Amino acid sequence: MTEPAGASTRRRAGNMPAEVTSFVGRQREIADAKRLLSQCPLVTLTGMGGVGKTRVALRVARELRRSFTDGVWLVQLAGLDDRDLVAHTVAETLKAHDNTGREVSAVLADHLRDRRLLLVLDGCEHLVDACARLVETVLEAASGLRVLVTSRQPLRTPGEHVLPIPPLATPSLERPLRPDAANRYPAMTLFATRATAAAPDFELTSANWAQVATLCHRLDGIPLAIELAAVRVRVLGLRQILERLQDRYQLLITRRWGGSPRHRALLARDRRVELRPVHDRQERLLWARASVFAGSFDLRAAEVVCSDDGIVPDEVFDVASGLVEKSVLTNQRGPDGVRYRMLDTLRQFGADRLAEDEERMTLRRRHRDWFLRVARSCERDWFGQDQERTFRRTQADKANLRAALEFCLTAPGESQAGLELAGTLWFYWVGCGFLAEGRRWLDRALAQDTAPSHARAKALWVNGYVCILQGDFAAARPMLHECLAMAEVLGSDLPAAYAVHRLGCAELLAGNHARAQELFEDALGRYAALGELNSNVIMARIELAMVSAFRGDLDEAVELCLRTQRVCLAHGERWAYSYALYVLAFAACTRGDLSQAVRHARECIRINHTFRDLVGIVLPIELLALLEALSGAAPRAAVLQGAARTIWSSVGLSSSAPSTSTLPTTPARNSPAAPSGTRSTRPASAGAPNSPWTRRSPSA
């Protein structure tokens, strides 16, 4: 593929990980994959588990990076079990944020339509149908898109070109091998490279090359098996490793890996190479139990979920360290500490070692219970100094939270926990920009368990809130009224307060400001009587301030925001606080204090960008467009206006939003864009912003 003119000067987007170990062999496969991608939009690398499909795909993507002006993007699907979340996962990786109720595949098609981009879908074999449908949809829409897939089986989509990735070449044991010919075999080179990294004194010599050749041949040239065996030279000699291979040959019961019987024996053999004798049984036990995790996990999660008979919590760290040494686990250091991850092939092998269905169910319940505790903790921490850290933690545990939700909604008798978990994560669905996924989980949970309960009442108001932010008032209002009725049945005032609050949001967004004010004041009174104080309560105060501002009572709006601001600063709340900044910016603009309005609006954008809150981003951008126009910077105003229009298309409220081109681009006395009823407290030369909420209703 050729690089477009001028592309070398542009910064490439993407998320390709750094290559942390040397790459051995595969020149032919890499060249073939690059050639195929230059000729057709979809190439699938196939082969058995551990053969190196991912490594080849990543190397191809890195070498083609300069050919794609919009970058190369890796989507790892190995830890995803729910086919309905494939499109969500791709959209999240590509930052194709959308808060509407549209199909996510359609959102992706629009996002990719005019882009020149390489998308790498890694680990699709257990999600073949969902991946095939998505790939077909986006390729039909985006002529500049190329898709590189790794899977144990083809997608069988029109236009797909399949490229098998074979094992690495190994020497034949039927005739003598000359030592100087060893470097002709990538399998031996790979073993020598990884063994030297594990034990710097190791060297491939004429004295040991025959043993290495035998080992690589016995491991069928599978890179994963060879790498795992090479790590063992740190504690074992080559002869010992070979002896243990011979002692422990077994075929896997499962045939999921495909290929010949000797290929299916691979995972049984390569993972049975010597484990450290001191922790032999414990390491095997932790390996099996840790397979319950999806994606990465931290030490505390492993201690709680995996400790039981055979491993006490205090031993988990040492046992996990042994598995890291043996490359069964990898550790990743991030801003919040070390997290562990297991390759999908190793995770599946560990799951196969769990002896009984009862043991699997026990571990899955323990996993679910832990991540329900995590969700509750994050919900509490969302209103506090650690709000940004809470976002990072929830994001890091997203795969596990999804797995816990899926367990709750598929295992008998677990639906109540599913309702609670889906409702507890309201801060993530709403505050972090995952409305579509949140609604999907909430819809499923509410449909599955219809009996009155506190968990159902909470899920109702949370889903009503999500639907309102998607602009689906018709779905939201019945849920909120059901929540009110259920609160009365349960004798609980708390869900009623939240339902009233969210009904106020619906009226605000519909432009019924007088009714919205009544509902917000009612909800705030209920919250106060219950002693409730969190981000939702703060947001109710700010929404009441919005109503005051949009009705022209700027003094009341500013006073409400300043009082709320003090509470936010005292508690470290930033997400809801950003909306107070928006209202203050709105008021400052209306009064003609443009510099103050710009400062508030920019800070509002900065905070909401951290949390991916599209509504909280687009409102101040739209206001900044007006502020630039009022300052005489028409080109900057036009750019911001275009950005706002693009974002509104991804926000559910945008369906009724008229063009923002009606905002004034020059200062004008008595601007027609002023909110209805705004008092003339600004200088005559200043325009006033429209209420973005009011403009989104035909009745406004």
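Remember, it's a predicted structure, so these values are computed and weren't measured experimentally.
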| message | Is it the case that the side chain of E482 and the backbone of M486 share a donor-acceptor pair, with hydrogens and angles ignored and the cut-off at 3.5 Å? | response | no
| said: Just verifying a value: how many Å separate K458 NZ and E420 CD, rounded to the nearest 0.5 Å? | reply: 7.5 Å
| message | Looking at every heavy atom in both A447 and T450, which two are closest together, and how far apart are they? | response | O-CG2, 4.0 Å
| message | F68 vs R115, test: side-chain contact (heavy atoms from CB on, under 4.5 Å). Steps then yes/no. | response | CA-CA 9 Å; F68 294 94; R115 284 177 165 81; over 6 Å; no
| field | ring pair (Phe, Tyr, Trp, His ring centres under 6.0 Å) against Y465, all qualifying residues, sequence neighbours excluded | value | none
| remark: One should read off an interatomic distance between K398 NZ and F371 CZ, to the nearest 0.5 angstrom, of 14.5 Å
| message | Distance check, rounded to the nearest 0.5 Å: L480 atom CG versus I468 atom CD1? | response | 5.0 Å
| Is the number of heavy atoms from other residues, nucleotides or ligands within 6.0 Å of CZ (R156) greater than 12? | no
| query | Are the ring centres of W382 and F611 closer than 6.0 Å? | reply | yes
| task | Tell me, yes or no, whether the heavy-atom count around E103 atom CD, taken from other residues, nucleotides or ligands under 6.0 Å, exceeds 12. | result | no
| Closest contact, heavy atoms only, V135 versus L42 | CG1-CD2, 3.9 Å
| request: Check the surroundings of atom CZ in R365: do more than 12 heavy atoms from other residues, nucleotides or ligands lie under 6.0 Å from it? | output: yes
| With the threshold set at 4.0 Å, does a side-chain nitrogen-carboxylate oxygen contact exist between D397 and R339? | yes
| message | When you compare the side chain of L119 with that of L94, does any pair of heavy atoms fall below 4.5 Å? | response | yes
| request: Determine yes or no for a side-chain-to-main-chain donor-acceptor pair under 3.5 angstrom, with T137 supplying the side chain and R133 the backbone. | output: yes
| note | Output for pair (L36 CG, E160 CD), nearest 0.5 Å, gives 11.0 Å
| Just checking, any donor-acceptor pair under 3.5 angstrom between side chains of Y579 and D613? | yes
| message | Using the rule given for salt bridge (Lys or Arg N to Asp or Glu O under 4.0 Å), can you reason through D369 versus R366, listing the C-alpha separation, both sets of side-chain angles and the distance that settles it, and then say yes or no? | response | CA-CA 5 Å; D369 291 344; R366 202 182 297 163; over 6 Å; no
| In terms of ring plane angle, is the pair F297 and F293 parallel, tilted or perpendicular, where the classes change at 30° and 60°? | parallel
| Counting only N and O atoms by type, is there a donor-acceptor contact under 3.5 Å from the side chain of N463 to the main-chain atoms of A459? | no
| field | Backbone of D449 reached by a side-chain donor or acceptor of R456 within 3.5 Å | value | yes
| query | When you look at Q332 and S296, which way does the side-chain hydrogen bond (donor to acceptor under 3.5 Å, both in side chains) test go after all the steps? | reply | CA-CA 9 Å; Q332 306 165 323; S296 66; 4.6 Å; no
| Do any N or O atoms from the side chain of R62 and from the backbone of P17 form a donor-acceptor pair under 3.5 angstrom? | yes
| message | Does T157 form a side-chain hydrogen bond (donor to acceptor under 3.5 Å, both in side chains) with E136? I'd like the steps, not just the answer. | response | CA-CA 7 Å; T157 336; E136 192 169 351; 5.8 Å; no
| query | Does the pair N536 and R502 meet the rule for a side-chain contact (heavy atoms from CB on, under 4.5 Å), with working shown? | reply | CA-CA 10 Å; N536 284 296; R502 297 311 167 193; 2.4 Å; yes
| task | Determine, stepwise, if the pair D110 / R102 fulfils salt bridge (Lys or Arg N to Asp or Glu O under 4.0 Å). | result | CA-CA 11 Å; D110 287 344; R102 292 189 296 163; 2.7 Å; yes
| said: Keeping H454 on the side-chain end and P495 on the backbone end, is there a donor-acceptor pair under 3.5 Å? | reply: no
| request: Answer whether the closest heavy-atom distance between the side chains of V430 and L435 falls below 4.5 Å. | output: yes
| Would you call H481 and L503 a side-chain contact if the rule is heavy atoms closer than 4.5 Å? | yes
| said: Keeping R392 on the side-chain end and P335 on the backbone end, is there a donor-acceptor pair under 3.5 Å? | reply: no
| request: Taking the side chain as every heavy atom from C-beta outward, state whether K95 and W73 have any atom pair closer than 4.5 Å. | output: yes
| message | I want to check something: taking the side chain as every heavy atom from C-beta on, are H88 and R402 in contact at a cut-off of under 4.5 Å? | response | yes
| field | Side chain proximity check, R444 to W441, heavy atoms < 4.5 angstrom | value | yes
| task | Would you check, one step at a time, whether the test salt bridge (Lys or Arg N to Asp or Glu O under 4.0 Å) holds for E63 with R59? | result | CA-CA 6 Å; E63 293 189 7; R59 172 52 69 99; 3.7 Å; yes
| Check: M361 and E414 side chains under 4.5 Å, non-hydrogen atoms | no
| message | Treating T46 as the side-chain partner and Q153 as the backbone partner, does any N or O pair qualify as donor plus acceptor under 3.5 Å? | response | no
| query | So, D381 and T390: side-chain donor and acceptor under 3.5 Å apart, yes or no? | reply | no
| query | Any cation-pi pair here, R612 with F434, using under 6.0 Å and within 45°? | reply | yes
| Spacing of CZ belonging to R574 relative to CZ belonging to R606, to within rounding of 0.5 Å | 5.0 Å
| Shortest non-hydrogen contact from V107 toward A96 | CG1-O, 4.0 Å
| task | Decide if atom CG of D336 counts as having more than 12 heavy atoms of other residues, nucleotides or ligands within a radius under 6.0 Å. | result | yes
| task | Looking only at non-hydrogen atoms, find the nearest pair between C505 and E543 and report the distance. | result | SG-OE2, 3.3 Å
| note | All heavy atoms of R477 vs all of A510, minimum pair found to be NH2-CB, 4.3 Å
| So, R439 and D472, do they make that salt bridge, N to O below 4.0 Å? | yes
| query | Would you say K53's side chain and M48's backbone share a donor-acceptor pair under 3.5 angstrom? | reply | yes
| query | Does some side-chain heavy atom of H367 sit less than 4.5 Å from a side-chain heavy atom of F407? | reply | no
| said: I'd like to know if the side chain of W426 reaches the main chain of W461, judged simply by a donor and an acceptor atom lying under 3.5 Å from each other, with no hydrogens or angles considered. | reply: no
| field | N15 versus L74, closest heavy-atom pair with distance | value | OD1-N, 2.7 Å
| message | Quick one, W575 with S535, criterion side-chain contact (heavy atoms from CB on, under 4.5 Å). Give me CA distance, side-chain angles, the key distance, then yes/no. | response | CA-CA 8 Å; W575 170 66; S535 297; 4.1 Å; yes
| said: Could you go through L446 and L460, starting from their C-alpha distance and side-chain angles, then the distance that decides it, and tell me whether this counts as side-chain contact (heavy atoms from CB on, under 4.5 Å)? | reply: CA-CA 8 Å; L446 288 166; L460 283 167; 3.9 Å; yes
| task | Measure the spacing between CG of L372 and SG of C408 and express it to the nearest 0.5 Å. | result | 7.5 Å
